[in-house]
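Only one structure is covered here, and it is reproduced in the block below.
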Amino acid sequence: MEIHLERDRIDLRVYASTKELAQRAAAASGCSSVTEYIVRLIHENAPQTLREQATIQLTNEQFDRFLKACNTQQSVPDRLKQTAQLLDKEGL
């Protein structure tokens, strides 16, 4: 079975100094082109960026206050219910 990976294009317009900096960094990183360098940066950095956007970090005190609010709240506000439903749809 043969797998075909479709390639797409990203067009960038940058200042000449930015392009020169990217070329120098690509060469210093052992990349054969600026494209290879940019693709490498995306693969290295994008997963972490996406994880950070999908993660909520709380201090112990904040978490304790959250649990207390959950345990003492008699009814859940409609807006919170809607938000929870949206998060469920997104798989979070």
Side-chain angles (χ1 to χ4, degrees):
M1 184 168 128
E2 193 173 322
I3 298 175
H4 297 281
L5 298 177
E6 186 176 331
R7 294 176 57 141
D8 206 345
R9 180 182 235 23
I10 297 176
D11 295 316
L12 298 170
R13 296 234 180 255
V14 297
Y15 292 110
S17 59
T18 302
K19 181 179 177 182
E20 181 183 339
L21 184 62
Q23 289 170 328
R24 291 174 50 214
S29 300
C31 295
S32 62
S33 66
V34 171
T35 297
E36 181 184 344
Y37 178 70
I38 291 172
V39 169
R40 184 184 293 180
L41 289 176
I42 291 169
H43 282 282
E44 289 174 357
N45 294 306
Q48 177 64 28
T49 300
L50 296 172
R51 274 192 301 278
E52 289 170 1
Q53 290 298 313
T55 303
I56 299 171
Q57 292 185 342
L58 302 173
T59 64
N60 287 339
E61 181 184 343
Q62 290 169 324
F63 184 70
D64 290 343
R65 287 193 338 238
F66 171 75
L67 284 180
K68 183 178 178 183
C70 288
N71 291 329
T72 59
Q73 185 69 32
Q74 296 300 318
S75 65
V76 179
D78 288 337
R79 187 166 177 179
L80 184 56
K81 285 180 189 177
Q82 292 168 351
T83 301
Q85 290 170 348
L86 287 173
L87 290 173
D88 283 343
K89 285 180 184 177
E90 292 180 11
L92 298 175

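- Residue Glu61 qualifies as open at atom CD: its count of foreign heavy atoms under 6.0 Å is 12 or below.
- Distance check, rounded to the nearest 0.5 Å: CD1 of Ile38 to CD1 of Ile10 gives 8.0 Å.
- Considering every non-hydrogen atom in both Ile42 and Pro47, the closest pair reads O-CD, 3.8 Å.
- Judged by distance alone, the side chains of Gln62 and Arg65 never bring a donor and an acceptor atom under 3.5 Å apart.
- Taking hydrophobic clusters as Ile, Leu, Val, Met, Phe, Trp and Tyr residues chained together by side-chain heavy-atom distances below 4.5 Å, Leu58 shares a cluster with Leu67.
- In this structure, Gln53 and Leu50 have side chains that are not in contact, with every pair of non-hydrogen atoms separated by 4.5 Å or more.
- Ser33 approaches Ala26 most closely through the heavy-atom pair O-CB, 3.7 Å.
- Within a 6.0 Å radius of CG in Asn60, no more than 12 heavy atoms belonging to other residues, nucleotides or ligands are found.
- Atom CG of Leu87 is separated from atom NZ of Lys89 by 11.0 Å, given to the nearest 0.5 angstrom.
- A distance of 10.5 Å separates CD of Glu36 from CG of Leu41, quoted to the nearest 0.5 Å.
- Listed by first then second residue, pairs satisfying side-chain hydrogen bond (donor to acceptor under 3.5 Å, both in side chains) with a partner in residues 5-23 number zero, not counting sequence neighbours.
- With Arg40 contributing its side chain and Ser29 its backbone, the two residues share a donor-acceptor pair below 3.5 Å.
- Heavy-atom neighbours of Gln48 CD from other residues, nucleotides or ligands within 6.0 Å: above the threshold of 12.
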